[in-house]
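Take a look at the structure set out below.
Values in this document were obtained by computation on a predicted structure and should not be read as measured data.
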Amino acid sequence: MSSTATLSSITRRAVFPFTAIVGQEEMKLALMLNVIDPKIGGVMIMGDRGTGKSTTIRALADVLPEIEVVDDDPFNSHPNDPDLMSDWVRDRLTQGESVDVAQKKVQMVDLPLGATEDRVCGTIDIEKALSEGVRAFEPGLLAQANRGILYVDEVNLLDDHLVDVLLDSAASGWNTVEREGVSIRHPARFVLVGSGNPEEGELRPQLLDRFGMHAEIRTVKEPELRVKIVEERTAFDQDPADFLEQHNNEQTELQEKIVAAQERLKSVTIDHEMRVQISRVCSELDVDGLRGDIVTNRAAKAIAALEGRTEVTVDDIRRIIVLCLRHRLRKDPLESIDSGYKVMKTFCQVFGLAEEEVMAQNGAAMN
């Protein structure tokens with residue numbers, strides 16, 4: 001084996017393949033839709049400990065294709081799209097300079113629970129200030145996560161102010177830092193994924209509402225399925241290379257499917273009457289603001305794109321409406337989040353569907 005191959009095998013840590021993850025369909029669907037359209041606004045995953053939340057998110061980042069970035073740029077700037085460029089790169093291109101382009105894996109950035117605002121947003125580079133006497137910016141985690149995935153485990157235990165900062169950046173796509181006379185603005189387009197255990201407390205309704213989607217996951221109860229999960233994990237741990245090889249074709253197919261969906265998204269349409277019905281559902285559920293309407297429309301288009309279509313169907317809306325609205329019903333911080341029954345019941349009434357049949361379809365999809 002060559003030294004290059006050896007180094008690659010050491011530095012490239014094996015990641016459990018996304019296509020080998022058993023169950024947890026709700027979480028997997030919400031994550032894929034956010035990757036197809038990051039403007040959905042991220043996903044909050046609440047569930048029991050040890051249900052594969054972190055594994056699934058890492059697996060999704062790993063299956064995504066490499067992206068083109070400006071080499072040596074700490075903000076993962078796009079070489080052609082001005083909306084995804086840092087000011088430094090844009091200035092160079094405006095002056096007629098050329099930039100080197102590199103291929104890079106999509107970043108999945110873990111935000112530690114004890115992170116400070118400076119670590120998240122960026123701050124003054126003290127070392128350069130002391131050694132060279134210049135004001136320089138030291139990028140934070142938001143810069144690192146640009147065009148990637150920012151994962152916050154136990155987000156319900158994170159300081160509310162930091163959650164606000166993350167949500168603001170995720171919504172606007174930019175991070176602005178004013179520190180000691182230095183003003184920096186850089187792109188921060190990322191898929192925000194938060195996870196937590198409801199036993200340790202929920203996010204305040206005002207913050208929860210700003211996550212585009214909310215997925216609930218529970219420990220698998222069926223013994224046969226539990227055995228399958230254990231066997232898959234054991235096989236991966238014993239021989240990661242062989243396990244990845246077995247799932248290589250499925251991984252490649254999924255990657256191609258996601259890329260095609262991202263390209264198809266702009267041409268997907270949703271009938272005016274369906275948009276009115278979505279808004280009726282939100283109105284009858286007394287959802288505050290218009291985020292619920294917007295996110296449901298976006299998610300419906302994303303799932304149609306994922307399945308190779310350019311027109312949204314009622315079934316598309318059925319599959320995503322609980323994920324988009326369930327967490328927006330809670331007005332009181334002491335209330336628990338609706339399981340989805342209330343959302344689905346209202347959906348059936350507004351769209352004129354048989355409740356029992358729709359509930360059965362939803363139950364089958366989640367299993």
Practice prompt. Compare every heavy atom of L33 with every heavy atom of A299, then report the nearest pair and how far apart it is.
Written response: O-CD1, 4.0 Å
Item to complete: Find out whether P187 and W174 are in side-chain contact, i.e. whether some heavy atom of one side chain is under 4.5 Å from a heavy atom of the other.
Response: yes
Fill in: Pair L265-K301, side-chain contact (heavy atoms from CB on, under 4.5 Å): steps then yes or no
CA-CA 7 Å; L265 183 64; K301 286 183 176 182; 4.1 Å; yes
Item to complete: Check whether any side-chain N or O of R147 sits under 3.5 Å from a backbone N or O of N76 as a donor-acceptor pair, and report yes or no.
Response: yes
Worksheet item: Hey, does the side chain of S279 reach the backbone of V276 with a donor-acceptor pair shorter than 3.5 angstrom?
Response: no
Discussion item. So M44 and H327, do their side chains get closer than 4.5 Å, heavy atoms only?
Written reply: no
Worksheet entry | Heavy-atom check, side chain of K105 versus side chain of D62, under 4.5 Å | yes
Fill in: Check: A102 main-chain N/O paired with D71 side-chain donor or acceptor under 3.5 Å
no
Worksheet entry | For R275 against I270, the heavy-atom pair lying closest together | NH1-O, 2.6 Å
Practice prompt. Check whether any side-chain heavy atom of T234 sits under 4.5 Å from a side-chain heavy atom of F243, and report yes or no.
Written response: no
Practice prompt. Taking R90 for its side chain and P82 for its backbone only, find out whether a donor-acceptor pair lies under 3.5 Å.
Written response: yes
Practice prompt. Determine whether I321 and M344 make a side-chain contact, defined as any pair of heavy atoms from C-beta on separated by less than 4.5 Å.
Written response: yes
Practice prompt. Test R58 against D110 for salt bridge (Lys or Arg N to Asp or Glu O under 4.0 Å), laying out the working first.
Written response: CA-CA 10 Å; R58 285 191 181 87; D110 260 310; 2.8 Å; yes
Worksheet item: Between the side chains of D242 and Q246, does any donor sit under 3.5 Å from an acceptor?
Response: yes
Discussion item. Minimum heavy-atom separation for F190 and L166, please, with both atom names.
Written reply: CZ-O, 3.9 Å
Item to complete: Any chance you could lay out the side-chain contact (heavy atoms from CB on, under 4.5 Å) test for F347 and V314, step after step, and finish with the verdict?
Response: CA-CA 10 Å; F347 166 78; V314 172; 4.0 Å; yes
Worksheet item: So, does N297 use its side chain to make a donor-acceptor pair with the main chain of D293 at under 3.5 Å?
Response: yes
Item to complete: Mind listing the closest non-hydrogen atom pair of V295 and C324 along with its distance?
Response: CG1-SG, 3.7 Å
Fill in: Backbone N/O of V343 and side chain of R326: donor-acceptor pair under 3.5 Å
no
Worksheet item: Just by modelled atom types, is the K342 backbone N or O under 3.5 Å from a matching donor or acceptor in the T346 side chain?
Response: yes
Worksheet entry | Note, L329 side chain near V287 side chain (heavy atom, < 4.5 Å) | yes
Item to complete: Report the residue from E307, E26, E25 that forms a salt bridge (charged side-chain N to carboxylate O under 4.0 Å, His left out) with R319.
Response: E307
Worksheet item: Looking only at heavy atoms, what is the nearest atom pair of H186 and L142, with distance?
Response: CE1-C, 3.9 Å
Fill in: Side-chain heavy-atom pair V63, P17 within 4.5 angstrom cut-off
no
Worksheet entry | Shortest non-hydrogen contact between A261 and I36, atoms and distance | CB-CD1, 3.7 Å
Worksheet item: Do D316 and T313 have a side chain donor and acceptor closer than 3.5 Å?
Response: yes
Worksheet entry | pair Y151-V109: side-chain heavy atoms closer than 4.5 Å | no
